[in-house]
Amino acid sequence: MSTHKHHTGLIDRYRDRLPVSANTRIISLNEGNTPLIQLYNIPRLIGKDVDIYVKFEGLNPTGSFKDRGMTMAVTKAVEEGSQAIICASTGNTSAAAAAYAARAGIKAFVLIPDGKIAQGKLAQTLMYGAEIIQINGNFDKGMALVKEIADHAPVTIVNSINPYRIDGQKTAAFEIVDDLGFAPDYHCLPVGNAGNITAYWKGYKEYATDRVCSTRPVMCGYQAAGAAPFLAGHPIEDPETIATAIRIGNPQSWDYAWAAQKESGGWFEKFTDEQILAAQKMLSQYEGIFCEPASAASLAGALHDIALGNIPEGSKIVCTLTGNGLKDPDTAIAQCAAAHPVTIEATLDAVKRAILDCL
Ligand code: F0G
């Protein structure tokens with residue numbers, strides 16, 4: 001008899017550690033259980049003795065880690081009788097909110113910065129049937145409006161200021177420890193609104209407190225240079241980066257993120273768009289893993305800190321790849337413009353020449 005157990009989502013898997021009861025109607029798309037993939041070629045390429053694993057969150061049902069938080073937030077919203085949810089978003093939260101609202105049979109309103117979310121995310125949000133409200137303003141402005149509107153309309157906020165979002169997202173840390181059998185030495189991830197670093201730290205702390213693992217990782221939070229309030233030490237006014245997912249100047253989980261940094265002995269660092277895109281391409285071309293630009297900040301940061309010795313050889317490192325590369329095809333195609341495919345005659349001869357020219 002097979003011992004295989006069908007994965008029915010992270011609430012089912014970790015229900016002992018989540019605020020649900022036996023009667024709770026679970027709103028799930030079987031999110032979580034994402035692969036932890038060890039990199040082989042990149043460590044060899046950089047000539048360092050390090051174990052780097054990527055937690056590929058782009059393989060969640062809507063293509064990002066947001067599904068972890070959204071299954072919890074929407075489950076609780078429905079349990080509390082809510083008929084509508086609302087969020088501000090740089091694209092991934094809105095896609096996840098829209099999908100889980102559709103699954104639950106409730107309404108989703110999403111505020112997005114006009115022209116500043118990636119095409120794939122817009123396509124998803126449209127298809128899932130959310131009410132899209134585009135604003136002439138960035139994520140921070142949208143977030144401020146969402147916080148105000150909740151007092152004026154019967155809508156549940158499902159941004160990461162909703163504590164159920166953090167609870168759902170902490171399960172990624174559980175999965176990593178469950179897969180490895182231990183906690184990594186370093187955990188590297190991109191930081192935007194700072195909900196995810198808050199959630200991972202909560203998850204690792206919980207497992208360590210309950211002795212599921214004996215150590216906790218150093219938390220390394222990486223930002224885009226044009227959107228790096230944690231490096232500035234204060235919120236910034238006009239964040240700008242090609243990694244639109246993390247185009248955020250006023251992170252809501254400010255204090256929690258600083259606590260994660262201090263308690264874990266970690267740090268923040270920032271990287272240019274060029275460095276982020278280079279890491280994204282490296283991961284695709286050397287490992288066959290296609291993440292979105294914001295996600296690649298985690299690898300850009302890890303490689304930088306390994307090179308400097310901030311992360312010593314012998315370390316076990318996990319990088320979270322927060323979203324799927326297919327979310328942002330425009331940035332990918334633009335980046336590969338030099339390799340733009342040529343069109344040839346549809347003849348055996350022409351195809352043969354095209355191949356032999358490349359070998
Ligand atoms: N990576 C991706 C792909 C994201 O979409 C986000 C956040 C982050 C990293 C940063 O995570 O905010 O928890 O620090 N996206 C939000 C959104 C803001 O609206 O989709 P964070």
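Just so you know, ligand 1 is whichever comes first in the structure, and atom 1 is the first atom listed for that ligand. What you see is a predicted model, and the numbers here were worked out from it, not measured in a lab.
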Arg165: which of Val74, Thr71, Thr93, Thr198 passes side chain to side chain contact (heavy atoms under 4.5 Å, CB included): Thr93
Validation row, ring centre Phe230 to ring centre Trp254 under 6.0 Å: yes
Ligand 1: protein residues within heavy-atom distance under 4.0 Å: Phe65, Lys66, Ser89, Thr90, Gly91, Asn92, Thr93, Pro190, Val191, Gly192, Asn193, Ala194, Gly195, Asn196, Ala245, Ile246, Ile248, Glu292, Ala294, Thr322
Glu237 atom CD, over 12 foreign heavy atoms within 6.0 Å: no
Glu263/Arg216 salt bridge by N-O under 4.0 Å criterion: no
Derivation of the side chain to side chain contact (heavy atoms under 4.5 Å, CB included) call for His6 and Thr8: CA-CA 6 Å; His6 177 53; Thr8 48; 3.5 Å; yes
Residues, nucleotides or ligands: over 12 heavy atoms within 6.0 Å of Phe182 CZ: yes
